[in-house]
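Remember, it's 1-based here, ligands and their atoms both numbered in the order they're listed. For reference, positions follow the sequence shown, starting with 1.
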Amino acid sequence: MYLKGIELSGFKSFAKKSEFEFSSSISAIVGPNGSGKSNVAEAFRFVLGEQSMKSMRGKRGEDLIWGGSQATPRSNRALVKVTFDNTKKLLDLDFDEVEIERIVHRDGINEYKLNGSSVRLKDVVELLAGANIGSTGHHIISQGEADRILNANLRERREMIEDALGLKIFQYKKNESERKLDRTAENIKQVQSLRREIAPHLKFLKKQVDKLEKSKELRVELKEKLHEYLKREEVYLTFTEEDIASRKEGPKSKLETLEVELEKARKTLESASKEDIRGQEVLTIERELSGARSKRDELSREVGRIEGQVSFAERHGSTPTEASSVPMSELKAFESELDESFNEANKSDDPKAIRLAISKIKSAFTSLIEKYSKESVGTEAKEEVRALKEKKEALDTELSLIESHVDELSETYKNLQNEIETSKDEERGAEREVFRITTEKRELETGLRDMAREEEMLTRAREEFKQNLEEGAVLGGREVLDYSNFDIDHDSVVKESREIQDERRKTIEKIKIRLEEFGGGSGEEIMKEYREVVERDEFLEREIEDLERSAETLKQLISDLEERLGLQFREGIEKINKEFQHFFELLFGGGTAELSVIKQQKRKKRDTDIEISEEEIDESDETEEGIDIEVALPRKKIKGLEMLSGGERALTSISLLFAMSQVNPPPFLILDETDAALDEANSRKYSTMISELSEKTQLILITHNRETMSVAGILYGVTMGADGVSKLLSVKFEDAVRVTK
Ligand code: ATP
C-alpha cells in the first residue's frame, strides 16, 4: 500500500475538510449521482500536478474552489493533500511518509508543498515521474474515459503507454536535456557575441601593447648601444684631449725659443745694415789717399826734375852751352821709347805701374839730354849741384814720409773694405736666419692652428656627447647614465676608425627616432587594461568551451536517452501486447488485440509557462512513432476500433488498461466508473481481474457496481446534502449496495 489517504478542503463540492484513508488494497467510493465522487478522482489529478482544466471539468482555477451555497460561504482556496507511505522509498525522498499538497487560490495562483515545504510544480512532477505516477494520468481513469486510450491519437497513445511503462521519466529527462541544449546553444551564441564585441578593442589594445613591448625592447637596445657608444666616446675624447695637449707642448716651447732667436737675428740684421757710416769713411779715406798720392807723385816728379838738374849740372859745368844737334835716328829711338812707356801707363790702373812708366819716360829724357849737352865744370856749377842735392834730399825725406802715409791709408782702406765685406756677410746670414725662423714659426703655427681646430671639434664632440647622454636618459631611462661601467679596451678605442663610431651614432639615432614614433611612457594603464580584456576574453573563451562541452554532453545524453527509450518502449510494447491479448481473450472469450508502432509526422508541444492552459500543438517536419491498436473480435468479421459497440469499446479499453498495469504496475490506479457499461457476466470477470490487479497495484474504485464493491476492502460513501456540500462516511457493503440502488 502506497496511497495512505487524501484530504480535500474547499475543493469543488467538498467545502469542508474531508479525509479518506485507503487502508485496503481496494477501496471503493460509492454514492448517489452528483454527490461528488468524481470530484475525488479529480482531486487526485489536481494534487498530482494536472494542468489541464478540461480533465478536471473546469474552465478556470476558480472552478476548482468551493463556490459557496446559502448555508456555506464560498472558499478562497481549494486544497488537496495526498499522503504516501514511502517506507519502500518509492518516491525518491528520504522520508517514510510523503505529503504532497496543492492549493489553488481564486486569483489562479497555485502553490505546491512537499511535506509542508513550498516547492515548484516541476519538483512534484519529477518526484512522481520517478515513482511511475505520470502526469498523463493513465492511472486515473475518469468517468466515461475508460476508452480514452482508444480515442486518443497515435502520439497521445504513445505518451500514455510511455507513461504507463515508466518511460516518462526518460522522456521528461530527454525534454529537459533538449531544453537545456537549446539554452546552452543560446548561451554559446550570447557569449560568442560578447567575445565578438570585445574583439576590436582587444585587437586595438594588442597593437598598443605590441608597440609598448617593441619600444621596451628598443629601449633596452638603445641602452646597450648607448653604453658602448658613450663609453667609447668618452675614452676617445679624453685620450684625444690629452693627446692634443701633449702634442701642443713641443711646438709651443719651440715657438718661444724661435721667438727669442728671431729677436736676436733681427738685431743682428739691424746692426749689419749700418753700411752708410762706413761708406762715408771709405770715401774720406779714398779722398785722403788720392790726395796723398798726388802729393807723392808731385814730390817724385820734383825729385826727378832735381835729379835731372843735378846730373845736367854735373856734366856741363855751371853754364849751359849751345845745344848740339840731335840726329834724327836718335830722336826716333827716343820717340819709340816714349810710346812704349805711354802704352804701359795707359794699359794699367795700378798707380805703381803708372809711376814706373812715368819714371822711365823721365830717365829717357835725362839720358838724351845728357848725351847731347856739354858738361860745365865750374864752381858755380858745383854749388848749384850741392844746392840741388840738398833740395833733393829734403824732397826725398818728404817723399818717403808721404809714401808711408799713403801706405798707411791704403792699409786702413783695405781694412775698412774687409770690414764692410764681413758686415755684409753677417747681414746675409742674419737674413737667412730670419727667413729660417719665420718659416719654421709658420710651420709650427700652422700645426698649432690645426690642433686648435681639432680642439674645437673635440669641444663640439663633447657637447654632442652630453646631448646624447641627456636624450638617451630621457628615452632609454636613467640606467643609460651608468655607461661608465661598460667594459672596453682603451687601446682598441683609440686605434679604431672614427667611421665605425659614427656608424654606431647613426644606429642610435635611428633607434631614437623609432622610439619617438612609438611615443613615450611605460603604458601601465594600457597594459592593465589589456590584461583585463585578455582575461575577460579568455574567460569567455573558456565559457564557450565549457558550454560546448556541456552541449556535447547533453547531445550524448539525449541520444542515450533516445536509445534507451526506444529499446524499452519496444520491449514494453511486446510485453503489453501479450497481456493485452490475454485480457482481451478473457473478456471476449477469444479474438485478437495488438498494439503496433507506426511512424507519423511529428507534432511538437509548444513550450509554455502557463500552468493551467490547453496544450497547444504545432506541426513539425520530423517524424515520430505513434501507436495504433488493432483488434479482431471472436466470431465477428469486424476489425478496427471504429466498428466496436460502446460495451465492446469499454471491454477493449479495460483489457488494454489492465495489460498496461500488469506490465508496469503503477503504485495506485483510480478507476471512475470504468465498469459502468459492463453486463453482469462481464462485471464478474471484471471484479476477478480487479482482485488480480490489486496484488500489484492499490486500487481506488468509484463505482455503482455491486460486483466491484464486493471485492473492495474499504467502502466510502459520499452524499450531498441540500446545501450542496459533499459529505463523507465510511459504509458497510450492505449499506453501500443499498445506497447505490
Ligand atoms: P455521478 O454518480 O452522477 O457520476 P458524482 O457523484 O460523480 O455523480 P460529481 O460529478 O463528483 O458527482 O459531483 C458533481 C457535483 O459537484 C455537482 O453537484 C456540482 O454542482 C458539484 N460541484 C462541482 N464543482 C463545484 C464547486 N466548485 N462548488 C460547489 N459544487 C461543485
- Query: Name the one of Lys17, Arg102, Glu7, Lys113 that satisfies side chain to side chain contact (heavy atoms under 4.5 Å, CB included) with Leu79?
  - Reply: Glu7
- Task: Using the test side chain to side chain contact (heavy atoms under 4.5 Å, CB included), find all partners of Asp92 that sit at least two apart in sequence or belong to another chain.
- Result: none
- Please identify each residue that fulfils side chain to side chain contact (heavy atoms under 4.5 Å, CB included) with Ala677, with sequence neighbours left out. Ala650
Show every donor-acceptor pair shorter than 3.5 Å between a side-chain atom in residues 68-78 and any protein atom, with sequence neighbours excluded, or say none if there are none.
| unit_1 | atom_1 | unit_2 | atom_2 | d |
| --- | --- | --- | --- | --- |
| Ser69 | OG | Thr72 | N | 3.2 |
| Ser69 | OG | Asp723 | O | 2.9 |

- Item | Contact residues of ligand 1, where a non-hydrogen atom lies under 4.0 Å away | Lys12, Ser13, Pro32, Asn33, Gly34, Ser35, Gly36, Lys37, Ser38, Asn39, Arg57, Asp63, Ile65, Trp66, Gly67, Gln143, Glu673, His704, Met720
- Message: I want to check something: taking the side chain as every heavy atom from C-beta on, are Leu669 and Pro666 in contact at a cut-off of under 4.5 Å?
- Response: yes
- Carboxylate-amine/guanidinium contact Lys122 Glu126, below 4.0 Å: yes
